[in-house]
Every structure is written in C-alpha cells, then in structure tokens.
Amino acid sequence: ITEIGKIKSLSPQDILSQINILQKDLPPNAVKIGMLDNPSSIEVVKNFLVDYSGKVILDPVMMSTSGKNLFTSSLTEYLSKLQTLFPYVS
C-alpha cells in the first residue's frame with residue numbers, strides 16, 4: 001500500500017481562476033469532477049455548473065488507497081455539500 005505523506009490541494013480561488021481561464025480559452029463540452037477537498041471548493045464548482053450546459057461526470061475521490069481521508073471537513077458536512085452537485089450531473 002502506498003502512503004500519502006502530504007495532500008496539496010487547490011484553493012477555491014485557484015479553482016475559480018482555472019474555471020475562468022478554461023471558459024475563455026477553450027469552453028469544455030464535458031467536465032469530470034474528481035477530488036474536491038472542502039465545502040468552499042464544492043461551492044465554487046457548483047456556481048460554475050449552474051450556468052454550464054455540457055456533460056458533467058462526478059467521480060469524487062474521498063479516500064486514498066491507504067485509507068486517508070482526502071477531505072478537510074466532517075464527513076457529514078462534506079457529503080451534504082457534495083450532494084448539492086447532484087442536480088448538475090449528467
């Protein structure tokens with residue numbers, strides 16, 4: 001089993017910046033959403049999806065293969081926030 005020593009995630013501001021650049025440069029026909037480690041990042045993605053008309057795949061990565069949680073809030077809070085993305089998934 002491979003251990004994870006450190007998780008370096010993008011801040012919600014960095015995620016928003018990447019979304020804005022992508023929309024200007026090469027608007028996607030589909031997006032796949034993977035690891036979102038905190039409720040603020042989920043909110044940023046949700047705000048993008050509200051006006052997005054392409055296909056959306058939600059494949060959240062919540063735990064490493066070595067059993068380490070990859071989210072920073074409580075499980076209840078994380079799952080509650082993650083569920084707000086469900087209406088936008090294709």
Side-chain angles (χ1 to χ4, degrees):
I1 295 177
T2 303
E3 282 193 40
I4 294 179
K6 183 177 180 180
I7 298 169
K8 175 87 169 123
S9 59
L10 292 174
S11 71
Q13 295 80 13
D14 288 340
I15 293 171
L16 180 59
S17 176
Q18 291 296 309
I19 287 170
N20 289 336
I21 290 168
L22 184 62
Q23 285 181 297
K24 278 186 196 176
D25 188 41
L26 187 63
N29 293 320
V31 294
K32 180 180 178 190
I33 302 163
M35 187 179 117
L36 295 168
D37 71 331
N38 66 68
S40 297
S41 294
I42 294 171
E43 186 67 23
V44 167
V45 172
K46 185 185 98 173
N47 289 338
F48 161 70
L49 294 177
V50 167
D51 295 319
Y52 178 69
S53 60
K55 301 256 186 222
V56 178
I57 298 166
L58 179 60
D59 184 17
V61 179
M62 298 170 44
M63 186 174 287
S64 71
T65 55
S66 62
K68 182 172 177 132
N69 288 342
L70 300 176
F71 52 90
T72 57
S73 61
S74 72
L75 178 59
T76 303
E77 180 185 10
Y78 179 79
L79 290 176
S80 176
K81 197 65 167 177
L82 192 63
Q83 288 176 348
T84 65
L85 300 179
F86 291 1
Y88 308 102
V89 176
S90 303

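What you see is a predicted model, and the numbers here were worked out from it, not measured in a lab. Along the sequence shown, residues are numbered consecutively beginning with 1.
- Hydrophobic clustering, with ILVMFWY side chains joined whenever heavy atoms are under 4.5 angstrom apart, keeps Ile21 apart from Val44.
- Interatomic distance, CG of Leu79 versus OG of Ser74, reported as 8.5 Å (0.5 Å rounding).
- Between the CG atom of Leu75 and the CG atom of Leu82 there is a distance of 10.0 Å, given to the nearest 0.5 Å.
- Taking every heavy atom of both residues into account, Ser9 and Asp37 meet most closely at OG-OD2, 2.7 Å.
- Clustering ILVMFWY residues whenever any of their side-chain heavy atoms sit less than 4.5 angstrom apart, transitively, puts Ile19 in the very cluster that holds Val89.
- From Leu10, atom CG reaches atom CG of Asn38 across 10.5 Å, with rounding to the nearest 0.5 Å.
- Annotation for Val61 and Met35: closest pair O-CG, 3.7 Å, computed over non-hydrogen atoms.
- Residues Tyr88 and Val50 share a closest heavy-atom pair of OH-CG2, 3.5 Å.
- Ile33 CD1 to Ser41 OG: the interatomic distance, rounded to the nearest 0.5 Å, is 11.5 Å.
- For the pair Glu43 and Pro12, the minimum side-chain heavy-atom distance is 4.5 Å or more.
- Between Lys55 and Ser90, the shortest heavy-atom contact is CA-OG, 3.1 Å.
- When every heavy atom of Thr84 is checked against every heavy atom of Pro87, the shortest pair comes out as O-CD, 3.4 Å.
- Atom-to-atom distance recorded for Leu36:CG and Leu58:CG is 8.0 Å, nearest 0.5 angstrom.
- Here ring pair (Phe, Tyr, Trp, His ring centres under 6.0 Å) pairs that include residues 12-56, with residues two or more places apart or in two chains, are Phe48-Tyr52.
- A 6.0 Å sphere centred on CG of Asn29 holds no more than 12 heavy atoms belonging to other residues, nucleotides or ligands.
- Across Glu77 and Ser73, no two heavy atoms sit closer than the pair OE1-CB, 3.2 Å.
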